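Please read these numbers as outputs of a predicted model, since none were measured by experiment. As a basis for the values below, the full set of heavy atoms in this structure was taken, side chains included, without hydrogen atoms, waters or symmetry mates.
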Amino acid sequence: MTQIQPELTEDIKKYGAFDFTACYNCGNCTAVCNLTEKNSNFPRMMVRYSMLGLKEEILSSKELWMCYACGECSDTCPREAGPGVLMSNLRRYAIANYEKTGLTRLMFKNNPFFIAITLILAVVLAFFLLTIKPDTEVARWLFRYVPYEVLHSFGMGAFALMGLSAFVGVVVMWRHIGKEKKIAFTGEFFKKAVNAAKKVIGEVATLKRYQNCDSDSSIWSKKAVWLRPWFVHWTIMWGFIGLLVATTLDFIFKDPATTIWWPSRILGTIAGILMVYGSTVALNYRFRKITKTYANTLMADWMFLGFLWLAGITGFWLEIAVAMGADLFINHVVLMIHIIISMELVILFAFSKFAHAFYRPLALFMHNL
């Protein structure tokens with residue numbers, strides 16, 4: 001049975017939402033949205049759920065993840081209720097509820113805690129990386145003070161926690177979204193599932209739905225393609241994926257650490273350019289507060305984009321240092337910074353805004369199915 005929870009409204013606002021209670025249900029936000037479909041009526045529906053305190057309806061909604069936060073609904077809202085901003089913050093709220101350790105909830109709502117936990121985890125996990133290849137100069141220095149076994153065990157535990165939290169989060173989301181549908185695993189179901197998966201892969205690869213946000217009335221329709229939000233998002237996403245693949249290949253095939261393995265270097269360079277470009281433009285939009293969506297940026301958003309940008313810049317620094325054979329102290333410092341930032345992005349994957357990378361595809365899959 002659906003339960004109305006009036007206190008939910010105030011709880012949602014703690015995730016950074018505007019005064020969405022100013023909404024008088026005119027429906028303008030849904031009318032101007034190019035992504036709304038007959039069976040996915042948002043953001044108006046999500047505003048009503050939030051005002052009525054319908055928590056279960058929010059957590060079981062696929063529509064919450066259909067939105068790409070272009071911000072046009074917020075910019076044209078006659079009551080300045082920020083429906084697009086609410087959609088972004090409801091996704092944070094949903095991530096915090098799908099993730100069961102409570103870390104996500106604290107990190108989104110408590111900035112000092114967020115800063116403290118990210119720094120502590122990042123440093124420890126960066127040291128853990130050195131235990132994988134203990135023959136480096138920095139690793140030998142480190143193991144004089146902290147036993148190898150301690151760092152390795154702690155690092156393995158942290159990665160296991162991240163993986164387990166991500167898995168549990170996906171299961172919880174699946175149960176919320178699919179609880180009212182009885183799935184019969186027949187041949188017809190698997191055929192539909194394959195088609196749904198193909199659509200999701202196509203969307204992830206091209207962000208075709210996101211491109212539909214650039215309507216004639218949108219401020220983005222007047223800008224070059226490479227400045228539009230969908231392209232900026234695309235460069236960040238594929239830049240990160242490319243760097244992750246390049247780093248994995250580099251770690252497996254490059255030995256000793258000073259040699260250059262060209263396939264991973266070329267892939268890493270291209271991916272790094274994409275990620276630095278995308279994160280630079282995204283940060284610029286937030287500094288300039290170009291729309292209400294970009295103006296409503298939480299500490300978690302700033303740190304996520306900032307870390308992506310720093311990971312790319314320090315990566316290029318190290319690439320140049322290796323190419324020039326410059327074995328300087330400053331390069332070891334940059335290496336440590338690069339490792340710390342990269343490990344933080346990985347370990348906080350399930351506990352931060354980054355988690356939408358697996359929640360959104362799952363919601364799209366269920367929607368297509």
Side-chain angles (χ1 to χ4, degrees), residues 9 12-38 40-51 58 61-95 108 203 207-237 278-302 304-305 353 356 360 363:
T9 297
I12 290 173
K13 288 182 179 180
K14 294 177 182 178
Y15 289 84
F18 274 24
D19 185 15
F20 57 89
T21 53
C23 170
Y24 58 14
N25 202 29
C26 69
N28 176 78
C29 52
T30 297
V32 300
C33 180
N34 285 337
L35 300 182
T36 297
E37 303 170 8
K38 182 187 299 185
S40 56
N41 183 13
F42 64 88
R44 180 186 187 185
M45 179 173 62
M46 305 309 300
V47 176
R48 298 303 296 168
Y49 286 165
S50 301
M51 292 176 68
I58 293 172
S61 172
K62 301 183 298 296
E63 290 74 21
L64 181 59
W65 303 92
M66 302 295 105
C67 168
Y68 279 102
C70 71
E72 187 171 0
C73 57
S74 293
D75 292 333
T76 58
C77 176
R79 295 283 290 173
E80 297 187 356
V85 177
L86 173 64
M87 293 290 287
S88 296
N89 287 282
L90 283 178
R91 285 190 286 276
R92 297 187 185 106
Y93 177 80
I95 291 172
F108 278 141
E203 171 60 19
L207 297 183
K208 185 177 180 180
R209 292 182 70 256
Y210 200 171
Q211 295 180 43
N212 293 334
C213 292
D214 302 331
S215 65
D216 293 337
S217 60
S218 170
I219 64 170
W220 304 112
S221 64
K222 302 176 181 63
K223 294 184 179 294
V225 171
W226 55 86
L227 294 176
R228 296 180 182 181
W230 77 265
F231 186 77
V232 174
H233 187 282
W234 185 90
T235 58
I236 293 174
M237 176 184 67
S279 57
T280 299
V281 175
L283 286 168
N284 177 49
Y285 286 164
R286 280 167 171 76
F287 276 119
R288 292 167 55 197
K289 299 181 179 180
I290 196 168
T291 65
K292 285 185 172 64
T293 298
Y294 285 114
N296 185 254
T297 302
L298 301 185
M299 172 68 74
D301 301 322
W302 285 113
F304 174 62
L305 287 171
K353 180 181 178 180
H356 80 275
R360 190 191 297 276

Query raised in the report: Among Asn25, Thr36, Asn28, which one satisfies side chain to side chain donor-acceptor pair (under 3.5 Å) with Arg44?
Result: Asn25
Query raised in the report: Hey, mind stepping through Glu72 and Cys33 against side chain to side chain contact (heavy atoms under 4.5 Å, CB included) and telling me if it holds?
Result: CA-CA 7 Å; Glu72 187 171 0; Cys33 180; over 6 Å; no
Requested in this report: Start with the C-alpha gap between Leu35 and Cys67, add the side-chain angles, then the distance that decides, and say whether side chain to side chain contact (heavy atoms under 4.5 Å, CB included) holds.
Outcome: CA-CA 7 Å; Leu35 300 182; Cys67 168; 5.8 Å; no
Query raised in the report: Side chains of Lys223 and Ile290: does their closest heavy-atom pair fall under 4.5 Å?
Result: yes
**Report entry** Pro43 versus Thr30, closest heavy-atom pair with distance
**Finding:** N-OG1, 3.8 Å
Query raised in the report: Going by heavy atoms in the side chains, are Glu63 and Tyr49 under 4.5 Å from each other?
Result: no
Query raised in the report: Taking only residues two or more places apart in sequence, or in another chain, which ones meet Thr235 in a side chain to side chain donor-acceptor pair (under 3.5 Å)?
Result: none
Requested in this report: Working to the nearest 0.5 Å, report the span between CE of Met45 and OG of Ser61.
Outcome: 4.5 Å
Query - Value rounded to 0.5 Å, distance of CG in Asn34 from SG in Cys213 - result: 7.0 Å
Query raised in the report: Parallel under 30°, tilted from 30 to 60°, perpendicular over 60°: which one fits the rings of Phe287 and Trp302?
Result: tilted
Query - Contacts of Arg91 that satisfy salt bridge (Lys or Arg N to Asp or Glu O under 4.0 Å) - sequence neighbours left out - result: none
Query raised in the report: So, the side chain of Arg79 versus the backbone of Cys23: is there a donor-acceptor pair under 3.5 Å, distance only?
Result: no
Requested in this report: Please check if any side-chain donor atom of Asn89 sits under 3.5 Å from a side-chain acceptor atom of Arg92, or the reverse.
Outcome: yes
Report task. Look up atom OH in Tyr68 and atom OH in Tyr210, then write down how far apart they are to the nearest 0.5 Å. Result -> 8.5 Å
Query raised in the report: Could you go step by step and tell me if Ile12 and Ile58 meet the side chain to side chain contact (heavy atoms under 4.5 Å, CB included) rule?
Result: CA-CA 11 Å; Ile12 290 173; Ile58 293 172; 4.0 Å; yes
Query - Greater than 12 external heavy atoms within 6.0 Å of Trp226's CH2 - result: no
Query raised in the report: Rounded to the nearest 0.5 Å, how far does CG of Leu86 lie from SG of Cys29?
Result: 9.5 Å
Report task. Using a 4.5 Å cut-off on heavy atoms from C-beta on, say whether the side chain of Arg288 contacts that of Tyr294. Result -> no
Requested in this report: List the steps and the verdict of side chain to side chain contact (heavy atoms under 4.5 Å, CB included) for Met66 and Arg209.
Outcome: CA-CA 9 Å; Met66 302 295 105; Arg209 292 182 70 256; 3.6 Å; yes
Requested in this report: Tell me whether the centres of the aromatic rings in Trp65 and Phe42 are closer together than 6.0 Å.
Outcome: no
